[in-house]
**Student:** 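The structure follows.
From a predicted model like this one, the values you see are computed outputs, not experimental measurements. Proteins come first, then strands; the chains are lettered A, B, ... in the order of their sequence lines, and each starts at number 1.
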Protein chains: 2
Amino acid sequence: MTQTFEQWCGDLEARLSRNQQRLTPQRRLIARVLHGHDGHVNVDDLHQLVRRKDKSVGYATVYRMLKLLEDYELVQTNTFVDGTARYEIASKHHSHHDHLVCKECGTVVEFENEEIERLQELVAAQLGFDLVDHKMVLYGRPKLGTCCAKH
Amino acid sequence: MTQTFEQWCGDLEARLSRNQQRLTPQRRLIARVLHGHDGHVNVDDLHQLVRRKDKSVGYATVYRMLKLLEDYELVQTNTFVDGTARYEIASKHHSHHDHLVCKECGTVVEFENEEIERLQELVAAQLGFDLVDHKMVLYGRPKLGTCCAKH
DNA sequence: ATCCTTGCAAATTGTTTGCAGCTAG
DNA sequence: CTAGCTGCAAACAATTTGCAAGGAT
């Protein structure tokens, strides 16, 4: 279930104004670019993309915006590709997914698995916790010599 | 199933000499401290601990040693506590475990779950991969107001 | 007028590297 | 002697921060 930019940005604006913060043109632009991207952007690329629309936007603004979105849980941060932070939009209206990384070529595949999620809740419960969030990354080698994307 | 330091260090020495590398006093010391620690050490603390035994050991040596151990898969690296790298010994003789982090106080709890591991292999297989490795971190909030360790 | 936000540059943090000297084989 | 290893300091990369100026309420 995907969410339109307007909906997502509405969430953002609500959160911002609740904290007497503003949805400035720069922030809206960054939000739009991020929402349009298919995920796993790093800061550098995001900054580049934003600059294609507005040369004046600075690096720090992108970082600060991402931090905001992170705090508001409107993006999900990953570091599994190459250690540097990568971002994808997230919200309760987007269904949760996890990632599998190909050890051969680095391609990232997304997947969902209800069963595992259920077991994770169970495990947490057994340890005395309510499961709030989780990160799971699988690392695989492609079967049959055929690789996911490249080669 | 835990492994003695001697066994683990044997593995290390074997790997090293296979690559005409040496188990120097510094490296042995770092190995010993690391093996004695109960896990999730960061480089800084490890360096401190090592220095309590030998003031002369430098920061870079610790980093280089950890990289070695990582390459040889004799340590497992985590970054989930605060983003900086933390290490714990690992080997085929140590059973695999995953982590749950308390959102309240940051305490890390370890657990194992056969069922989830099986499902992970299944998911990978369905996507056309052989599962090589995985990382899973659960984030939880303690039930009943009682918290894991602190407070 | 106040307070949030911005871009820039400088600062910080975590980690890696170059190098001259040292050490084991 | 050769090759690996060390400590130190400098280099690096990713991210954060201080600050003076700009803009919204």
**Student:** What is the distance from CG of A:Leu68 to C1' of D:dT16, rounded to the nearest Å?
**Tutor:**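 Atom CG in A:Leu68 sits about 14 Å away from atom C1' in D:dT16.
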**Student:** So how far is it from A:Gln48 CD to A:Arg52 CZ, rounded to the nearest 0.5 Å?
**Tutor:**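 Nearest 0.5 Å value for the CD-CZ distance: 8.5 Å.
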**Student:** Remaining members of A:Val132's ILVMFWY cluster at a side-chain heavy-atom cut-off under 4.5 Å?
**Tutor:**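 Listed partners: none, A:Val132 stands alone.
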**Student:** Which pairs pass ring pair (Phe, Tyr, Trp, His ring centres under 6.0 Å) with one or both residues in residues 64-89 of chain B, sequence neighbours excluded?
**Tutor:**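 For residues 64-89 of chain B, and leaving out neighbouring residues, the ring pair (Phe, Tyr, Trp, His ring centres under 6.0 Å) pairs sorted by first residue read B:Phe80-B:His99.
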**Student:** Using the rule given for side chain to side chain donor-acceptor pair (under 3.5 Å), can you reason through A:Glu112 versus A:His97, listing the C-alpha separation, both sets of side-chain angles and the distance that settles it, and then say yes or no?
**Tutor:** CA-CA 5 Å; A:Glu112 285 177 61; A:His97 63 262; over 6 Å; no
**Student:** Apply salt bridge (Lys or Arg N to Asp or Glu O under 4.0 Å) to A:Arg51 and list each qualifying residue two or more places apart in sequence or on a separate chain.
**Tutor:**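 None.
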**Student:** Can you sort out which residues in residues 44-60 of chain A have a heavy atom within less than 4.0 Å of DNA chain D? Ascending by number, please.
**Tutor:**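 Under 4.0 Å from DNA chain D: A:Ala60.
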**Student:** In residues 21-42 of chain B, what residues come within less than 4.0 Å of DNA chain D, judged by heavy atoms?
**Tutor:**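 Listed by number, they are B:Gln21, B:Arg22, B:Thr24, B:Gln26, B:Arg27.
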**Student:** Could you identify which residues of residues 74-90 of chain B place a heavy atom less than 4.0 Å from some atom of DNA chain C, listed by residue number, or say none?
**Tutor:**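 Only B:Thr84, B:Ala85 qualify.
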**Student:** Report the residues that fulfil side-chain contact (heavy atoms from CB on, under 4.5 Å) with A:Asp82, sequence neighbours left out, ordered by chain and then residue number.
**Tutor:**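 Partners of A:Asp82 by the side-chain contact (heavy atoms from CB on, under 4.5 Å) criterion, ordered by chain and then number, come out as A:Thr84, A:Arg86.
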**Student:** Using the test salt bridge (Lys or Arg N to Asp or Glu O under 4.0 Å), find all partners of A:Arg141 that sit at least two apart in sequence or belong to another chain.
**Tutor:**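 Applying salt bridge (Lys or Arg N to Asp or Glu O under 4.0 Å) to A:Arg141 gives A:Glu104.
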**Student:** Please round to the nearest 0.5 Å and tell me the distance separating atom CD1 of B:Ile116 and atom CG of A:Leu122.
**Tutor:**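 The CD1 atom of B:Ile116 sits 8.0 Å away from the CG atom of A:Leu122.
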**Student:** Find the distance A:Lys67:NZ to D:dT15:P and express it as a whole number of Å.
**Tutor:**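 Going from NZ in A:Lys67 over to P in D:dT15 covers 11 Å.
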**Student:** Taking ring pair (Phe, Tyr, Trp, His ring centres under 6.0 Å) as the definition, give me every residue that meets it alongside B:Tyr59, ordered by chain and number, with sequence neighbours left out.
**Tutor:**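 Ring pair (Phe, Tyr, Trp, His ring centres under 6.0 Å) check on B:Tyr59 returns B:His47, B:Tyr63.
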**Student:** When rounded to the nearest 0.5 angstrom, what distance separates CE in B:Met65 from CG in B:Leu29?
**Tutor:**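 Result: 9.5 Å between the selected atoms.
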**Student:** Please give, in whole Å, the distance from C:dT5 P to A:Leu16 CG?
**Tutor:**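 Nearest whole value for this atom pair: 7 Å.
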**Student:** Grab the two heavy atoms, one from A:Leu46 and one from A:Val41, that are nearest each other, plus how far apart they are.
**Tutor:**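 So the minimum-distance heavy-atom pair works out to N-CG1, 3.8 Å.
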**Student:** B:Gln20 or B:Arg64: which one's nearest nucleotide on DNA chain D is closer to the 5' end?
**Tutor:**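 This one resolves to B:Gln20.
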**Student:** Between C:dG14 atom P and B:Leu66 atom CG, what is the distance in whole Å?
**Tutor:**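 Taking CG of B:Leu66 and P of C:dG14, I get 15 Å after rounding.
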**Student:** Which side-chain hydrogen bond (donor to acceptor under 3.5 Å, both in side chains) pairs, counting each pair once, include a residue from residues 120-135 of chain A, with sequence neighbours left out?
**Tutor:**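 For residues 120-135 of chain A, and leaving out neighbouring residues, the side-chain hydrogen bond (donor to acceptor under 3.5 Å, both in side chains) pairs sorted by first residue read A:His96-A:His134, A:Asp98-A:His134, A:Gln120-A:His134.
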**Student:** What's the separation between atom CG in A:Asn78 and atom CG in A:Asn42, rounded to the nearest 0.5 Å?
**Tutor:**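 Reported value, rounded in 0.5 Å steps: 12.0 Å.
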**Student:** A:Arg18 CZ to C:dC4 P: how many Å, rounded?
**Tutor:**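 My rounded result for the distance is 17 Å.
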**Student:** Taking only N and O in the side chain of B:Tyr63, is any of them less than 4.0 Å away from OP1 or OP2 of C:dT16?
**Tutor:**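 So the side chain of B:Tyr63 is outside the cut-off, no N or O lying under 4.0 Å from OP1 or OP2 of C:dT16.
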**Student:** Give the stems involving DNA chain C, where a stem is 3 or more consecutive Watson-Crick or G-U wobble pairs (i with j, i+1 with j-1, and so on) under 3.5 Å.
**Tutor:**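 In DNA chain C, stems of three or more pairs: C:1-25 with D:1-25.
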**Student:** Whole-Å distance between C:dT16 P and B:Asp71 CG?
**Tutor:**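 The distance from CG of B:Asp71 to P of C:dT16 comes to 11 Å, rounded to the nearest Å.
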**Student:** Quickly work out the B:Leu69 CG to D:dC5 P distance and round it to whole Å.
**Tutor:**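 These atoms are roughly 13 Å apart.
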**Student:** How would you list, by chain and number, every residue that makes a salt bridge (Lys or Arg N to Asp or Glu O under 4.0 Å) with A:Glu115, sequence neighbours excluded?
**Tutor:**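 Salt bridge (Lys or Arg N to Asp or Glu O under 4.0 Å) list for A:Glu115, sorted by chain: A:Arg118.
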**Student:** Rounded to the nearest angstrom, tell me the gap between atom CD in B:Glu13 and atom P in D:dC5.
**Tutor:**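 After rounding, the reported distance stands at 12 Å.
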